[in-house]
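Scroll down for the structure; my scribbles are underneath it.
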Protein chains: 2
Amino acid sequence: MSDTPETVLVEHVLDAISDQRLRAGTKLGEQALSDLFSCNRAHVRRALATLAAYQVVDLIPNRGAFVSTPSEDEARDVFQARRAIEATIIRNVVRRADEADIASLRTHLATEDSIRSQNDRPKAIRASRAFHMLLAKIGRNSVLEHYLAELTMRTSLIIGLYGSNAASLCSDDEHARIVQSIADRDETRAQEMVDHHLRHIEGEIAFGEEAPRVGPLSMILSPDRTTG
Amino acid sequence: MSDTPETVLVEHVLDAISDQRLRAGTKLGEQALSDLFSCNRAHVRRALATLAAYQVVDLIPNRGAFVSTPSEDEARDVFQARRAIEATIIRNVVRRADEADIASLRTHLATEDSIRSQNDRPKAIRASRAFHMLLAKIGRNSVLEHYLAELTMRTSLIIGLYGSNAASLCSDDEHARIVQSIADRDETRAQEMVDHHLRHIEGEIAFGEEAPRVGPLSMILSPDRTTG
DNA sequence: TCTGTTTAAATTGTTAACAATTTATGTTAC
DNA sequence: GTAACATAAATTGTTAACAATTTAAACAGA
């Protein structure tokens, strides 16, 4: 990929959203961003337009850019879309995954397991999202992969907004069972597990409550952090 | 919706793509666009960034913006994604459509029928796309609706690139049968019909051949045309 | 103390000018 | 006639300055 200031900015904001460091409603000031990423405002503006197209940022004329705050209806739509897309993804995975792919899934499970013992919530969220994105990659449909990237980020926003308890993370156990059914080449079961898993996550969201919070942008978005 | 120059430009380009007036590979020069829509280049640049995020435009550094030319692999991914998304949409439609919705579908069928007799291919393409988008609207999932909007536009690009014969349009007959199964509240049959319909369209695409062509942008994108 | 108004600061929106790069044109040599 | 090269034109990239709008602050009156 190219390495333009726009790309760097977009990637960092997306990472921060998926890690739940950037929360719904946070203002993304042009000056603040151009200072942080040492680029000019034209770059920032283009990057914000891209993020708005991804539907993780709202652009309000004369007011500026804000991390979008999904409504309850929108949240349910996001989860239904995820079920639709991940159902096809998991089918692709069961059919197309080779031994190396399954090995990479097992490696990921081990990583998630070790992270779980560390009690590092942001890290756990990131790893959990990475599992779903790894499935999308193995499924080898770039369109579905792209949409799932968007939807998982919006899911992070939703959970950050409404999600109540710590259990709102994907449980490793469910991930492990999904991997097992992939290894068994059991398409029906794999689809059932994924669907159940997503419904489980959605079910734990406590709509009605909200947990807004703000922090200085410089603490949240340091452009020189090592992304991986 | 707001009425900023960016929005107007984006909508017009999207319309032109879905109508196959704008074809894959066409260059979208900044000067040309800013002249056509009488706005400055900053607006054009933001609009192009948005279109690039929608994946219907490729931004090549120092070269400019071009209507994207989907590869065969990408085309197949687009169609699989459509099947995944439209399967859920049609399920929603069967469950949620009221009598007024079904009436609007029948009205649309009549419109398609009358257009078919006119032998106006661009108009037919637009109407055909509108049918799928009407289903998405009735399905009442804004996320799926948005994704289908993107995917139908990319489908237009694909058919414009590879599509061989006139039959590559959606046949009214299949649309009519889909509406009938909705009216019958036959979920399984409706899903089968949509899936079959999409596979039918995909099957008629002649990969390998290409039919590129260019024309003056001013002929294709007149900002003062009445969009409906 | 609260409310409403005025003033100042900060932020977004717009435009133009200039630099860098690519594309087109024209020329020369073979 | 073609290829390679030099030049000119057009296009994209970058920056800064200024205008318009919004937000924050200061202040007066009840």
Side-chain angles (χ1 to χ4, degrees), chain A residues 1-13 22 24-54 56-69 212-221 223, chain B residues 1-13 22 24-54 56-69 212-221 223:
Chain A
M1 283 285 172
S2 52
D3 206 40
T4 61
E6 285 92 332
T7 310
V8 174
L9 209 159
V10 168
E11 292 297 326
H12 273 84
V13 169
L22 260 183
T26 306
K27 166 145 194 183
L28 300 172
E30 296 184 1
Q31 190 70 47
L33 289 174
S34 65
D35 288 350
L36 267 170
F37 292 90
S38 23
C39 58
N40 55 36
R41 276 175 56 213
H43 289 143
V44 172
R45 272 164 154 262
R46 247 158 77 116
L48 289 175
T50 301
L51 289 166
Y54 290 163
V56 293
V57 160
D58 289 334
L59 249 40
I60 303 175
N62 289 321
R63 298 278 313 280
F66 301 83
V67 179
S68 69
T69 65
R213 195 222 51 175
V214 244
L217 221 53
S218 52
M219 282 290 102
I220 298 166
L221 284 172
Chain B
M1 278 289 171
S2 52
D3 206 41
T4 61
E6 286 94 332
T7 310
V8 175
L9 209 159
V10 168
E11 291 298 325
H12 273 84
V13 170
L22 260 182
T26 306
K27 166 146 197 182
L28 301 172
E30 296 185 1
Q31 190 70 46
L33 289 174
S34 66
D35 288 350
L36 266 171
F37 292 89
S38 23
C39 59
N40 56 36
R41 277 175 56 215
H43 289 143
V44 173
R45 268 161 159 266
R46 247 158 77 115
L48 289 175
T50 301
L51 290 166
Y54 289 164
V56 293
V57 160
D58 289 334
L59 250 39
I60 303 176
N62 291 321
R63 298 279 312 279
F66 301 83
V67 179
S68 68
T69 66
R213 197 222 49 176
V214 246
L217 221 53
S218 51
M219 283 289 101
I220 299 167
L221 284 173

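All values derive from a computational prediction rather than experimental measurement. In what follows, chains are A, B, ... by sequence order, proteins preceding strands, each numbered from 1.
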- Message: On DNA chain D, compare the nucleotides closest to A:Phe66 and B:Ala65; which residue's is nearer the 5' end?
- Response: B:Ala65
- Separation of C:dT14 atom C1' from B:Phe37 atom CZ, nearest Å, is 19 Å
- Within this structure, what is the CD1-to-P distance between A:Ile60 and D:dA20, rounded to whole angstrom? 23 Å
- Query: So, A:Thr26 side chain and A:Leu22 main chain: donor-acceptor pair closer than 3.5 Å or not?
  - Reply: no
- Item | Side-chain-base donor-acceptor pair under 3.5 Å for A:Arg46 and D:dG13 | no
- Message: Using heavy-atom distances to pick each residue's nearest nucleotide on DNA chain D, tell me which of A:Arg63 and B:Gln31 is more 5'.
- Response: B:Gln31
- Message: Test your reading of the model: is there a side-chain donor-acceptor pair from A:Ser34 to the backbone of A:Gln31, 3.5 Å cut-off?
- Response: yes
- Task: Give the rounded distance in Å between these two atoms: CG of B:Leu59 and P of D:dT11.
- Result: 17 Å
- Got a donor-acceptor contact below 3.5 angstrom from the B:Asn40 side chain to the B:His43 backbone? yes
- What nucleotide, of D:dT12, C:dT15, D:dT15, holds the atom closest to the side chain of A:Asn40? D:dT15
- Message: What is the separation between atom CZ on A:Arg41 and atom C1' on C:dT11, rounded to the nearest whole Å?
- Response: 8 Å
- Task: Can you tell me the distance, in whole Å, between the CD atom of A:Glu30 and the P atom of D:dT21?
- Result: 16 Å
- Item | Nearest-Å distance for atom pair CZ/P, residues A:Arg45 and D:dG13 | 17 Å
- Item | Short side-chain to backbone donor-acceptor contact, A:Thr50 and A:Arg46, under 3.5 Å | yes
- Message: Just the rounded figure in Å: distance from P of D:dT12 to CG of B:Leu28.
- Response: 10 Å
- Whole-Å distance, B:His43 NE2 to C:dG13 P, equals 9 Å
- Message: When you measure from the side chain of B:Lys27 to the backbone of B:Val67, do you find a donor-acceptor pair of N or O atoms at a distance under 3.5 Å?
- Response: no
- Ignoring the backbone of B:Asn62, work out which of C:dT15, C:dT12, C:dT21 is nearest its side chain. C:dT21
- Item | Of the listed nucleotides C:dA17, D:dT11, C:dT11, the one nearest the side chain of A:Lys27 | C:dT11
